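Right, one structure below, let's go through it.
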Amino acid sequence: MKNTNLHSILLSVATKNIVGSTDKSIVAIDTDSRKIATDMIFVAVRGVAVDGHSFIATAEKQGATAIVCEELPQIINPSVTYIVVENSIIACGEMLCAFYGIDFNKMKVVGVTGTNGKTTTATLLYKVFSALGHTCGLLSTVVNYVGNQEFASTHTTPDMVQLYGLFNKMQEAGCDYCFMEVSSHAIHQHRVAGVQFAGGIFSNITQDHLDYHKTFAEYVRVKKSFFDDLPSTAFALTNNDDKNGCIMLQNTKAHTYSYSLKSMSDFKCRVLEQEFDGMLLKIDGVEVWAKFIGYFNAYNLLAVYSTAILLGQEKQRVLEIISTLTPVAGRIEFFRSNEGVTAVVDYAHTPDALENILSTLPGKIPFCSFTYVITAFKSIIPKGAP
């Protein structure tokens, strides 16, 4: 169990007021009052449905030695230290980073955001860099990895406490890189606060999550805010063929780059041939056979290649590894039964994703010869399905 002094944890946090001593030992930080015990910090977060400030008294009874909040409770416990901040969840990220001693200069974190393609792009980056000899981490919808060790995934982007716990495991394992999906929910809820991204990738944006964001304009704004917050040391890579691709980079401080199949860009790809078992691509002037089908996968592979080059990897070696890659579990996977029936399994759950898959398949596979199974809901497919 880690043991860190409260004073050192707060050095990187912009505090408005501190009531009580900061000379205390801290063994853990959490936003869930039910998990609080002796010598822990409870962070009172104003969530979408619940306000953590309502559970301050509960956290104190369970042994919390410090409370991080946006306003002081009416009753002050003299044995507890209260740290008042502007935004609790942002402060939580900064404290977790300090508590674990995460060094984002040694472990480069690259975030992938967009409506479709996040899982494939992040997972293939993990596979490419692992093949290049690096120890890597992966945070995705399907599964999380620390090196070769697998951890269950419950969200596209983990909650903040789980996220930094995984970063800590990655750092202890000596990971050089972490590739992670960054959902619009996570961006809006500041779940990646404190993370110093080495790069950000934009795949595309279509109608999705409007139950949460209410309007498409707000959905775009939230995605863009991820790039707005990238540091000047990072790169921002966008899909130039998406009509909102250039919008993502309008206010970023990061170094900007683009990729495309149709327009002028820094990284280019052409689909030369498509067959049942793959396609011939011309990436950055070099022909490479990929075991994927569909233009959407050409975009994903180009994003992977572009990112690898931006991270200083050797072009020819990256293309060689790309030619060996296979589709991610649950992403347009083909299964053939003994009776000759072929099923195509995909997590597609947006109109655009379904259209991409359905428009890709019929041109190569006669409907009269095969059965198509396109799953529209992620819950249908067991995680790690063979």
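Just so we're clear, the structure is a prediction, and the values are computed from it rather than from any experiment. Keep in mind that the numbers below use all heavy atoms, side chains included, and drop hydrogens, waters and symmetry copies.
Side-chain atoms of N77 and S79, non-hydrogen and from C-beta on, do get closer than 4.5 Å to each other. At least one side-chain heavy atom of L125 sits under 4.5 Å from a side-chain heavy atom of I201. Considering only heavy atoms from C-beta on, D229 stays 4.5 Å or farther from F197 through its side chain. Within the 4.5 Å cutoff, the side chain of V195 has heavy atoms near those of the L163 side chain. Residues F42 and E60 fail the side-chain proximity criterion, which asks for heavy atoms closer than 4.5 Å. A heavy-atom distance below 4.5 Å is found between the side chains of K127 and T326. In this structure the side chain of L166 reaches within 4.5 angstrom of the side chain of P158, judged on heavy atoms. At least one side-chain heavy atom of L311 sits less than 4.5 Å from a side-chain heavy atom of F235.
In this structure D51 satisfies the salt bridge (charged side-chain N to carboxylate O under 4.0 Å, His left out) test together with R46, sequence neighbours excluded.
Put simply, V271 and V288 are part of the same group of oily side chains (I, L, V, M, F, W, Y) that touch within less than 4.5 Å, one to the next. Follow the hydrophobic side-chain contacts under 4.5 Å out from Y126 and you reach V143 in the same cluster. No single ILVMFWY cluster, assembled from side-chain heavy atoms under 4.5 Å apart, contains both F296 and L272. Both I36 and I76 are members of a single hydrophobic cluster when ILVMFWY side chains are connected at heavy-atom separations under 4.5 Å. Put simply, V80 and V19 are part of the same group of oily side chains (I, L, V, M, F, W, Y) that touch within less than 4.5 Å, one to the next.
Taking NZ of K35 as the start and CG of D30 as the end, the distance is 5.5 Å to the nearest 0.5 Å. The distance from the NE2 atom of H255 to the OG atom of S232 is 6.5 Å, given to the nearest 0.5 Å. Once rounded to the nearest 0.5 Å, the distance linking OG of S203 with CE of M248 reads 9.5 Å. To the nearest 0.5 Å, atom CD of residue E273 and atom CG of residue L281 are 10.5 Å apart. A distance of 12.0 Å separates OG in S260 from CG in D242, rounded to the nearest 0.5 Å. The distance from atom CD of Q196 to atom CD1 of I102, rounded to the nearest 0.5 Å, is 11.0 Å.
Sorted by first then second residue, the ring-ring contact (aromatic ring centres under 6.0 Å, His included) pairs that include residues 163-183, not counting sequence neighbours, are F104-F167, F129-Y177, F129-F179, H134-Y177, Y164-F167, Y177-F179.
Scanning all heavy atoms of the two residues, the minimum distance from N240 to M264 falls at ND2-O, 2.7 Å. Across every non-hydrogen atom of S88 and V43, the tightest pair is O-CG1, 3.5 Å. In terms of heavy-atom proximity, V27 sits nearest to F99 at O-CZ, 3.2 Å. Smallest separation of non-hydrogen atoms from M160 and A193: CE-CB, 3.7 Å. In terms of heavy atoms, T238 sits closest to G245 at OG1-O, 2.8 Å. Considering all non-hydrogen atoms of both residues, T115 and I205 come closest at OG1-CA, 3.2 Å.
Judged by distance alone, the side chain of T81 and the main-chain N or O of S21 form a donor-acceptor pair under 3.5 Å. Judged by distance alone, with hydrogens and angles left aside, the side-chain atoms of T38 form no donor-acceptor pair with the main-chain N or O of G63 at under 3.5 Å. Judged purely by atom type and a 3.5 angstrom limit, S8 uses its side chain to pair as donor or acceptor with the backbone of N5. Using modelled atom types, one side-chain atom of S153 and one backbone atom of S140 make a donor-acceptor pair closer than 3.5 Å. Using modelled atom types, one side-chain atom of S225 and one backbone atom of V222 make a donor-acceptor pair closer than 3.5 Å. When atom types are taken as modelled, the side chain of Q62 and the backbone of S33 share a donor-acceptor pair closer than 3.5 angstrom. At least one donor-acceptor pair under 3.5 Å links the side chain of H53 to the backbone N or O of E70. Side-chain N or O atoms of E275 include none that pairs as donor or acceptor with a backbone N or O of D277 at under 3.5 Å. For the pair N17 (side chain) and V84 (backbone), a donor-acceptor distance under 3.5 Å is absent. The backbone N or O of S258 lies less than 3.5 Å from a partner atom in the side chain of D266, making a donor-acceptor pair.
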Show every donor-acceptor pair shorter than 3.5 Å between a side-chain atom in residues 302-310 and any protein atom, with sequence neighbours excluded, or say none if there are none.
from	atom 1	to	atom 2	distance (Å)
Y305	OH	D284	OD2	2.6
S306	OG	L302	O	2.7
T307	OG1	A303	O	2.8

- Item | Steps toward side-chain contact (heavy atoms from CB on, under 4.5 Å) verdict (L10, I18) | CA-CA 10 Å; L10 295 177; I18 297 177; 4.2 Å; yes
- Might you work through the salt bridge (Lys or Arg N to Asp or Glu O under 4.0 Å) test for R221 and E218, ending with a clear yes or no? CA-CA 5 Å; R221 186 199 68 78; E218 173 63 8; 2.9 Å; yes
- Evaluate the criterion side-chain contact (heavy atoms from CB on, under 4.5 Å) for residue pair Y295 and D241; output intermediate values, then yes/no. CA-CA 12 Å; Y295 280 86; D241 291 340; over 6 Å; no
- Query: Stepwise, does the side-chain contact (heavy atoms from CB on, under 4.5 Å) test hold for S183 with R191?
  - Reply: CA-CA 10 Å; S183 69; R191 275 190 264 147; 4.3 Å; yes
- Query: Under the side-chain contact (heavy atoms from CB on, under 4.5 Å) criterion, do C92 and T31 qualify, and how do the steps go?
  - Reply: CA-CA 8 Å; C92 185; T31 58; 3.9 Å; yes
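Counting non-hydrogen atoms of neighbouring residues, nucleotides and ligands closer than 6.0 angstrom, the CD atom of Q74 reaches no more than 12 such neighbours. The number of heavy-atom neighbours closer than 6.0 Å to NZ of K24, taken from other residues, nucleotides and ligands shown, is above 12. Other residues, nucleotides and ligands contribute at most 12 non-hydrogen atoms within 6.0 Å of the NZ atom of K262. The number of heavy-atom neighbours closer than 6.0 Å to NZ of K282, taken from other residues, nucleotides and ligands shown, is 12 or below.
Across F202, Y259, F227, a single residue satisfies side-chain contact (heavy atoms from CB on, under 4.5 Å) together with L237, and that is Y259. Applying the side-chain contact (heavy atoms from CB on, under 4.5 Å) test between L6 and each of D23, D39, I41 identifies I41 as the sole match.
There is no side-chain donor-acceptor pair under 3.5 Å between K224 and N244. With no hydrogens or angles considered, a side-chain donor-acceptor pair links E181 and T141 at under 3.5 Å.
Of the charged side-chain nitrogens involved, at least one lies within less than 4.0 Å of a carboxylate oxygen, so that E320 and R317 count as a salt-bridged pair.
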